[in-house]
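Structure first, commentary second.
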Amino acid sequence: MSDDFRPRSDFLSVLLERGFVHQCSDLEGLDRKAEAGELVAYIGFDCTAPSLHVGSLVQIMLLRWLQKTGGKPVALMGGGTTRVGDPSGKDQARQLLSLETIAANKEGIKQIFSRFLTFGEGKTDAAMPDNADWLGTLNYIDFLRDVGRHFSVNRMLSMDSVKLRLERESELTFLEFNYMCLQAYDFVELYKRHGCILQMGGSDQWGNIVTGIDLGRRMGTEQLYALTSPLLTTASGAKMGKTAQGAVWLDASMLPVFDYWQYWRNCEDADAGRFLKLFTELPVDEIARLQALGGAEINEAKKILATEATAMVHGREAAEAAAEAARKTFEEGALAESLPSVAIARAEVTAGLGVLAAFVKAGLVASTGEARRQIKGGGLKVNDVTLTDERAVIGESDLTDDVVKLSLGKKRHVLLRAV
RNA sequence: GGGGGAGUGUCCCGAGCGGCAAAGGGGGCGGACUGUAAAUCCGCUGGCUAUGCCUUCGUAGGUUCGAGUCCUACCUCCCCCA
């Protein structure tokens, strides 16, 4: 990527300015296309999970910015390719999913996208095709003859994703090996169907995308383009979007809004500015000001990051509520109504609920054994009082407005609500 | 087809003379210090109705008072030869 390139299109201006671009096959060419208007670009998402998590957020934002700057975003559902699996350097071949699971996952993912993009039939309305539509009916012989002849095995063998597997002597099945052919074919197909000339994706997709461009040239499309976003890691090098509890889901039923807000609030200082640019839509000069805050003041920036990023996914109201719950919990030590809560039968409390069982029910610990260990380490609190006796019992006297607050460590809180 | 090697705590890597709930590390969680940060230090890191019981070392059998460890068969993966 050339440093002295100055984009004229809104689309690339925003992307470059906000740190979305890792590699691009031809910035100037793409810039001209974007400037001419109605740039159609796509990103593929596989359907391996019932929802999307923070790891896909950069990609989602790319599509959102495209739409905001006058382009047409296409979110390709990999209903077909999910049945194959990307080699992508992982040692383990991906588990093959059933058709029903894939269909269900697709539904969940649609929900997420509808919060970020405007769908419809208009010129800049987003579309969500599924490559199962064309891959599913593909005839093997026809595919080999029309498409397969354009692929060079020599080239494919030299690609990092493949090379890595070969070098590690880790098995790479023919099935996986074909993944990139199908993905390349998707690009050509989307060009034909939607006039899509740009494929975006994470930096690990570079090889696959370029293969698509290449296939396009051989099959007579116009010039296609590739643009990848940087692989996101936290300042200390960990992958984004994973916590001990699992992935940071963008679906409130899989991760409470409060926890989502907390995820951003707890990012490392060094990441705050970068994340504000990528995951919020605040103006960059405003972000520069926030980023410049030093010491404890950077917490203000992180709170803004959390609220803005949460508002994007869960709506402004829910985000404000999460921010308020956090403020009450951490800054006042008060009991906030909107902490994640778990319902429990009143009778259980009346009869006296053992603390070990209570924490397991709240989902804060995985087993009574873990609860015991945490108590020993001073990690569990009931209504902000550190537990010292694992045989303690929660009774009606512990309820305030039918609620007991259970805490694991300083940050994780759940309200147990008697009903 | 023939020969050689490997599979360990359901996060990963990895030690393991027949007494093993199984060394060590990474990761994670908790505590201290801070600012709900980073770095550092300390503790924890199979399950349970718990001085006991149950389930774990690829799968199924066997030898033994006792098997992750020895024997047999099978499964999976890797290497070499054909």
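Keep in mind it's a predicted model, so treat the numbers as computed, not measured. Computed from heavy atoms alone, side chains included, the values below leave out hydrogens, waters and symmetry copies. Naming: A, B, ... by sequence-line order, numbering from 1 per chain.
- Evaluation of the side-chain contact (heavy atoms from CB on, under 4.5 Å) rule for A:D402 yields A:R346 as partners, not counting sequence neighbours.
- Contacts between residues 320-328 of chain A and RNA chain B, defined by a heavy-atom separation below 4.0 Å, involve A:A326, listed by number.
- Among the nucleotides B:C33, B:A38, B:G35, the one closest to any side-chain atom of A:K410 is B:C33.
- Residues passing the side-chain hydrogen bond (donor to acceptor under 3.5 Å, both in side chains) test with A:D398, sequence neighbours excluded: none.
- Sorted by first and then second residue, the salt bridge (charged side-chain N to carboxylate O under 4.0 Å, His left out) pairs involving residues 8-21 of chain A (not counting sequence neighbours) are A:R8-A:E35.
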Anything under 3.5 Å between a protein N or O and an N or O of nucleotides 40-46 of chain B, put it in a table, one pair a line.
none

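- Taking atom CH2 of residue A:W264 and atom C1' of nucleotide B:U36, one finds them 16 Å apart after rounding to whole Å.
- Per the geometry, CD1 belonging to A:I375 stands 15 Å off P belonging to B:G30, to the nearest Å.
- Pairing for B:C53 is with B:G47, a Watson-Crick or G-U wobble pair whose two hydrogen-bonding atom distances lie under 3.5 Å.
- For A:R327, the salt bridge (charged side-chain N to carboxylate O under 4.0 Å, His left out) partners two or more places apart in sequence, or in a different chain, are A:E324, A:E332.
- Looking at the side chain of A:A296, the nearest of the listed nucleotides B:A50, B:U36, B:G35 is B:G35.
- Rounded to whole Å, the distance from CD on A:E370 to P on B:C11 is 12 Å.
- Nucleotide B:G66 is matched to nothing when pairs are restricted to Watson-Crick or G-U wobble geometry with both distances under 3.5 angstrom.
- Under the salt bridge (charged side-chain N to carboxylate O under 4.0 Å, His left out) criterion, A:D130 pairs with A:K106, sequence neighbours left out.
- Figure legend. B:A60 is base-paired to B:U72; pairs are counted as Watson-Crick or G-U wobble with both atom distances under 3.5 Å.
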Run A:Q199 and A:Q183 through side-chain hydrogen bond (donor to acceptor under 3.5 Å, both in side chains) and show every step you take. CA-CA 11 Å; A:Q199 180 181 178; A:Q183 188 173 332; 3.2 Å; yes
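- Here the P atom of nucleotide B:U36 and the CG atom of A:L408 are 17 Å apart, to the nearest Å.
- Remark: B:U34 base-pairs with no nucleotide in the shown strands. Criterion, Watson-Crick or G-U wobble with two distances under 3.5 Å.
- Shown here are the side-chain contact (heavy atoms from CB on, under 4.5 Å) partners of A:A358, two or more places apart in sequence or in another chain: A:L353, A:I394, A:L406, A:L416.
- For B:U36, the base has a donor-acceptor partner in the side chain of A:Q262 [N/O atoms by modelled type, under 3.5 angstrom].
- Under the Watson-Crick or G-U wobble criterion, with both distances below 3.5 Å, B:A22 is left unpaired in every strand shown.
- As rounded to whole Å, 17 Å separates atom C1' of B:G30 from atom CZ of A:R372.
- Summarising the base pairing, B:A15 is matched to no nucleotide, lacking a Watson-Crick or G-U wobble pair whose two defining distances lie under 3.5 Å.
- If you check B:C77 for Watson-Crick or wobble pairing at under 3.5 angstrom, you find it paired to B:G5.
- The CG-P distance, from A:L406 to B:G30, rounds to 15 Å in whole Å.
- Checked against ring-ring contact (aromatic ring centres under 6.0 Å, His included), A:F113 has the following partners two or more places apart in sequence or in another chain: A:F45.
- Closest approach to the A:D269 side chain among B:A37, B:U36, B:A50 is made by B:A37 (side chain taken as heavy atoms from C-beta onward).
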Could you walk me through whether A:R289 and A:D285 satisfy the salt bridge (Lys or Arg N to Asp or Glu O under 4.0 Å) test, starting with their C-alpha distance in whole Å, then the side-chain angles of each, then the deciding distance to 0.1 Å, before giving a yes or no? CA-CA 6 Å; A:R289 188 184 67 76; A:D285 47 350; over 6 Å; no
